[in-house]
Amino acid sequence: MDNQIIKRSPSNIAIVKYWGKHGNQLPNNPSISFTLSNCFTETKVTYKEASHDDISMEFYFEGKENPAFKSKIEKFLNANEQYFTFLKGLDLKIESYNSFPHSSGIASSASSMSALIMCLLEIKYKDSVIDLQEASFLSRLASGSAARSVYPVMTLWGETASLSDSSNEYAIPIGDMIHPVFKTYHDTILIVSSKEKSVSSRAGHSLMDSHPMAEMRYATARKNTEDLLTILKQGDLEGFIRIAEEEANQLHDLMATSTPSYTLKEPNTINIINKILEFRKETGLPVCYTLDAGPNVHLLYPDSCAEQVHKFIEEVLKDYCFENKYINDKV
Ligand code: PMV
């Protein structure tokens with residue numbers, strides 16, 4: 001008989017960035033992210049017992065068979081088979097959908113890998129509650145930033161001095177520690193380009209292995225993590241803006257100064273950033289930006305100024321977006 005599981009897991013946006021790793025997907029520095037609401041992956045796993053001892057699977061992305069994703073998942077399951085012995089002797093059919101358009105240039109590995117892990121853990125535990133720490137640990141093995149997608153609100157992944165339960169192996173939730181203002185944050189993703197990323201995150205992380213500024217970067221990220229934890233507790237919006245923008249710029253500067261070098265910002269990335277800075281200066285509103293490893297701009301702001309910011313997006317920023325596209329998301 002066929003069994004069926006459906007799980008949703010959201011994307012996340014890092015404020016302190018993870019860039020550089022070692023061993024089996026261990027981060028070279030801690031990172032902190034907002035967990036989003038509207039950008040998510042929904043995964044359905046249909047499974048039945050088979051007459052073989054292997055894990056056999058079919059994989060469909062948005063209704064179509066996808067051999068590239070299938071082989072990525074198979075490689076991951078084989079490399080970490082000690083954690084997935086419960087899948088042996090099963091036929092799996094995995095069907096995955098993203099709530100955000102494929103052409104939005106938004107990386108989906110965090111949401112898709114964590115959604116898959118949640119499904120697999122339900123096969124393991126049946127009706128018992130899934131241990132989110134285990135889900136974060138396994139998601140990390142599939143895609144580093146996926147470790148942060150299993151908890152709501154805000155998450156920290158990686159060891160940091162002031163939190164003794166922080167770990168490089170899995171993320172921990174920090175939503176309970178933060179000032180309420182940060183729970184109201186919006187993230188409007190301004191789509192500058194719909195193209196696939198020109199550097200995969202695997203290749204990007206490995207650029208850090210020989211980067212002349214690697215040690216400086218890790219020390220900065222460790223300090224920014226500690227400072228951000230204090231800022232988040234205090235509700236210090238200026239401190240938040242300073243760290244969010246420094247981290248975004250440092251990530252892109254690291255890529256620009258690596259060998260080979262990558263420029264992921266496009267002219268409209270810079271135009272949008274300049275407009276945001278002007279708007280902040282003119283209005284005094286606590287809006288800021290961050291960037292992922294791509295040209296799209298994430299505009300971050302508390303709910304208290306959402307109305308003015310939405311007007312600004314419609315009147316100004318939209319013109320710089322690819323086909324005037326943007327996605328409104330929230331913590
Ligand atoms: O999880 P990965 O291997 O795709 O790496 C993600 C790296 C960044 O998105 C650039 C930063 C981050 O912390 O999410």
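Since the structure is predicted, the reported quantities are computational estimates derived from the model, not experimental observations. Just follow the structure's listing: the first ligand is 1, and inside any ligand the first atom is 1.
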With atoms numbered from 1 as shown, which atoms in ligand 1 lie under 4.0 angstrom from a non-hydrogen atom of [X]?
X      : result
Ala14  : 12 (C), 13 (O), 14 (O)
His205 : 2 (P), 3 (O), 5 (O)
Gly144 : 1 (O)

[X] side chain to [Y] backbone, donor-acceptor under 3.5 Å:
X      : Y      : result
Glu62  : Asn98  : yes
Asn296 : Val192 : yes
Asn12  : Ser145 : yes
Ser96  : Phe61  : no
His179 : Ile231 : no

Just distances here: any N/O of [X] and N/O of ligand 1 closer than 3.5 Å?
X      : result
Tyr18  : yes
Lys21  : no
Asp292 : yes

Check: His310 ring centre within less than 6.0 Å of Tyr301 ring centre: yes
Mutual orientation of the aromatic rings belonging to Phe182 and Phe240 [parallel < 30°, tilted 30-60°, perpendicular > 60°]: tilted
Nearest-option assignment for atom 14 (O) of ligand 1, heavy atoms, candidates Met113, Gln25, Arg148, His252: Arg148
Per-residue contact class, Arg202 against ligand 1 - non-hydrogen pairs under 4.0 Å: neither
Region of Ser145 engaging ligand 1 - heavy atom pairs below 4.0 Å: both
